[in-house]
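Data block below; observations after.
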Amino acid sequence: MHDAEPFAPAEYREHLVSLARDLGAGPRAERVELAAAVGRVLAEDVVAPADSPRFDNSQMDGYALNADAVGREDRFFGAGPVVPAGTDPAKEYPLGLDRADTVCPIMTGAKLPEGTCAVVPVEKCDPPEFAALGAQVRVPRPPEGQFVRPAASDLRRGETLVSEGRTVTPQTVGALASQNVRSVEVWARPRVLICTGGEEISQSEDLDQAQLPDANGPMLEALAGHHGLEVVQRIVTGDDPHDLRNRLDDAMTRRRPDLVVTSGGISHGAFEVVRQVLEGRPRAWFGHVAQQPGGPQGCAALAGVPVVALPGNPVSTLVSFRLFVAPLVAQVWGAAAEPTVLAARLSADVEGVPAKTQFRRGRLALGEDATVSVEVVGGAGSHLLAQSVGADCLIEVPPASHLSGGDVVSVHPLAPHPHHEEQT
Ligand SMILES: Nc1nc2c(c(=O)[nH]1)N[C@H]1C(S)=C(S)[C@@H](COP(=O)(O)OP(=O)(O)OC[C@H]3O[C@@H](n4cnc5c(N)ncnc54)[C@H](O)[C@@H]3O)O[C@H]1N2
Ligand code: MOO
């Protein structure tokens, strides 16, 4: 197909998902050590093998009392043997707390003796530090259950600790480690081959007059890492289709990628190397998506693997990776969370363009009234990559719209975990 009716952005997203699925692409689980699991998406529900906490324990350094001691009028007690954290209280208290006139000095986190009804912090007692074995101590009356952390009050054995599809966060790692879980099944990262270039792109530090360094290759590698892909190789091509064809065929055989992402060489120039190599391949499509930037797009199958051919202007590459490749990775391979779309209020007026959805670079802020606002960052042009550096989202501006400050727009956060640095 050649320059057919343009796709709407959402339609093209679906088209790429269908292409990949038709070619047999899909999720694959792999087991990784817990330390390597952060940021990965779980391929299994992890069920708690034990109660959390594993046993009733003390929330304070203090004295444990049984129910009779809690209710007793006389608030003077003898101090029993100490229970440090990590020791079994049954050693010193084989019958549990069986006396109304004795309290058990216990440390934070220590397993409580059987029969504990409450804990009183040591500094509330007299003397306000731990008394020696057998010494007298005055312990005020606590409410029942005070400072007792019951077994399973966080999570019960057999309950789901974390579900398939959730991204492993640092606190997930901590919770899994606390359950002695050492490894987890996650969705494998699809292996991606990245191809950028054009004759004007040089890898040399010494550039000729009309040459440029490769911005898109390193940027795509960074985007890939951010959105759940594993980069297996990068190719920087010139304008010779024969050479690119050979290099792609070689990389497909040797590196066996699950996905190919290219940038540049797809529009109407005389040297559209990517388009020349891919046109005529199965499922090849080159045309337009009704958006700016990122209008020209292409896709195809190469050695049974989906190829997403992004436009070469650097901001077009950035925008189309975020809008098309990131959701593809999430939906087809499950290897990253589906990128979110948020609603935010524009901080100033924005004009759209006719017949195309425009994606402006933007920056989110949380106002004092708790509304999320977004301001446009940099110009609209697709070569303005340096002006995009301060952006953390894309602002969706509908075709032919005249938006005013305060209007609600859809925004597409750029990073999966947006962070907001202090503005200088
Ligand atoms: N006659 C037409 N010309 C163009 C059209 C059109 O519809 N008709 N569309 C324009 C739009 S919009 C875009 S976007 C680009 C897409 O073209 P390509 O994908 O073929 O990209 P290139 O021509 O290869 O490069 C475009 C631009 O980006 C620079 N570039 C490319 N690769 C890199 C890289 N790795 N690092 C840094 N910069 C890169 C390149 O030098 C060009 O300036 O087509 C328009 N033209
Ligand atoms: O679509 Mo192009 O990406 O406007 O520059």
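We count ligands from 1, going down the list as the structure has it; atoms in each ligand are counted the same way.
- The closest side-chain donor-acceptor pair between Gln331 and Glu338 falls under 3.5 angstrom.
- When non-hydrogen atoms are compared, ligand 1 lies under 4.0 Å from neither the backbone nor the side chain of Thr317.
- A heavy-atom separation below 4.0 Å is not found between His383 and ligand 1.
- Ligand 1 lies within reach of Ser316, whose nearest heavy atom is under 4.0 Å from it.
- Selection from Gly217, Ser267, Pro293 by nearest heavy atom to atom 45 (C) of ligand 1 gives Ser267.
- For atom 37 (C) of ligand 1, the nearest non-hydrogen atom from the set Ala215, Pro218, Cys195 comes from Ala215.
- For the pair Gly294 and ligand 1, no heavy-atom separation below 4.0 Å is found.
- Contact annotation for Pro213 and ligand 1: only backbone heavy atoms (N, CA, C, O) come within less than 4.0 Å of the ligand.
- Residue contacts with ligand 1 include Gly265, since one or more of its heavy atoms lies under 4.0 Å from the ligand.
- Only the side chain of Ile201 comes within 4.0 Å of ligand 1, judged by heavy-atom distances.
- Using 4.0 Å as the threshold, Ala309 has no heavy atom nearer than that to any atom of ligand 1.
- For atom 8 (N) of ligand 1, the closest heavy atom belonging to the protein is His268 CD2, 3.3 Å.
- Between Gln297 and Ser320, some side-chain heavy-atom pair lies under the 4.5 Å cut-off.
- In summary, Glu33 and Arg182 do not engage in a salt bridge, as defined by a charged side-chain N under 4.0 Å from a carboxylate O.
- In Gln292, neither the side chain nor the backbone holds a heavy atom less than 4.0 Å from any atom of ligand 1.
- Checking atom 3 (N) of ligand 1 against the protein gives no heavy-atom contact under 4.0 Å.
- Taking 4.0 Å as the cut-off between side-chain N and carboxylate O, Arg245 and Asp249 do not count as a salt-bridged pair.
- Between Glu164 and Trp187, the side chains place a donor N or O and an acceptor N or O closer than 3.5 Å (distance only, hydrogens not considered).
- Looking at Glu272 against ligand 1, only its side chain comes within 4.0 Å, counting heavy atoms.
- Ligand 1 has at least one atom lying under 4.0 Å from a heavy atom of Pro296.
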